[in-house]
Amino acid sequence: MPILLYDSTFDGLLCAIAKAFKYNYEDITIKDKSLSQLSLIDKVMDIKTDPILSKKMYERIASLWGSLTIENIYKAYLYPETETLIFKYLYLLTKEKATPLETLSHVELTLLDKRIQCVSRDIHRWYGFLRFKEVKPNTFYAYYEPKFDLTNLIIPHFISRFPNQNLVIHDTLRSYAALYNQVEIVYHRLEKLNLDLLSSYENNYQEMWKEYLHHLTIKERINPKRQMAFMPKKYWPFISEMKN
């Protein structure tokens, strides 16, 4: 079975998939070369990332099966060691006369569907659990440590909600941030940020928010197990009202 190695980028993955179709491979494995352990008997092809080929593959997938398929493929790409399943999905789409959603329910793609849903759930939770802090007038900062590299997927949601504010979403696990300046999104490497630089109003806002939630609480209905079902503990360090 041929093994196609790519450079861990989404563009690289699309190039590997394009090569698999070009050589009419059906039974292949696609691996991230930085994570792969190979034996001497493996038949390996090192795929070079070509932005032009990647763009062609992206546009072809979008034109044939729509933007939702691209979105699902990207979510699956974020889940480690899912590349071969992504190829299998696209291969079945070309061979079977079924919609993308019908094909995703294929018995061979059960794991792929579960992984897409896993990433989707994490995105949805961060929509609700990400907390912004004002670091200077009209500039708001949020940090988090997602299991998957989600920043470019979640920032459009917050831009649509706060289009007239400067936003910084900082993935402290991967040491980079997305910065929105009301015109464009820019990505930068970013290590730890000094949160002592909060605006003079921010601490007051946080205390008022905690006080508001405290007054909403009905003591007789407090249920920690139920709370953790809706708000897992791994998110608590990033939620201001759960501190102290």
* To do: Give a yes or no on this: more than 12 heavy atoms of other residues, nucleotides or ligands lie within 6.0 Å of atom CD of E81.
  => no
* Please answer whether the main-chain N or O of F10 pairs with a side-chain N or O of Y77 as donor and acceptor at a distance below 3.5 Å. => yes
* Criterion ring-ring contact (aromatic ring centres under 6.0 Å, His included) against F132, the qualifying member of Y141, F158, Y143 -> F158
* To do: Compare all side-chain heavy atoms of Y235 with those of Y144 and state whether any distance is below 4.5 angstrom.
  => no
Can you give each donor-acceptor pair under 3.5 Å made by side-chain atoms of residues 54-67, sequence neighbours left out, with the distance rounded to 0.1 Å?
{"unit_1": "S54", "atom_1": "OG", "unit_2": "D11", "atom_2": "OD1", "d": "2.7"}
{"unit_1": "S63", "atom_1": "OG", "unit_2": "E59", "atom_2": "O", "d": "3.1"}
{"unit_1": "S63", "atom_1": "OG", "unit_2": "R60", "atom_2": "O", "d": "2.9"}

* Within 6.0 angstrom of K19 NZ, more than 12 heavy atoms from elsewhere -> no
* Polar side-chain atom of Y89 near backbone of P100 as donor-acceptor pair, under 3.5 Å -> yes
* To do: Please check if the side chain of H170 supplies one atom and the backbone of L179 the other of a donor-acceptor pair under 3.5 Å.
  => no
* Asked: Can you tell me how far the OG atom of S8 sits from the NZ atom of K33, to the nearest 0.5 Å?
  -> 9.0 Å
* Working to the nearest 0.5 Å, report the span between CG of D171 and CG of N152. => 10.5 Å
* Are Y187 and I155 side-chain neighbours, meaning at least one heavy-atom pair lies under 4.5 Å? -> yes
* Asked: Quick one: does N181's side chain have a donor or acceptor within less than 3.5 Å of a partner on E184's backbone?
  -> yes
* Asked: So how far is it from L112 CG to K75 NZ, rounded to the nearest 0.5 Å?
  -> 12.0 Å
* Structure fact -> Result for side-chain contact (heavy atoms from CB on, under 4.5 Å) between H157 and one of F162, Y127, W126 points to Y127
* Asked: With no hydrogens and no angle check, is any side-chain donor or acceptor of R174 less than 3.5 Å from a backbone partner on P146?
  -> yes
* Do Y6 and D32 have side-chain heavy atoms sitting under 4.5 Å apart? -> yes
* D149 versus Y176, side-chain donor and acceptor atoms under 3.5 Å -> yes
* To do: For the pair T99 (side chain) and E102 (backbone), establish whether a donor and an acceptor sit closer than 3.5 Å, ignoring hydrogens and angles.
  => yes
* To do: Check for a donor-acceptor pair, side chain of H106 on one end and backbone N or O of E108 on the other, with a separation under 3.5 Å.
  => yes
* Using only heavy-atom distances, determine whether the side chains of N164 and Q182 contain a donor-acceptor pair under 3.5 Å. => no
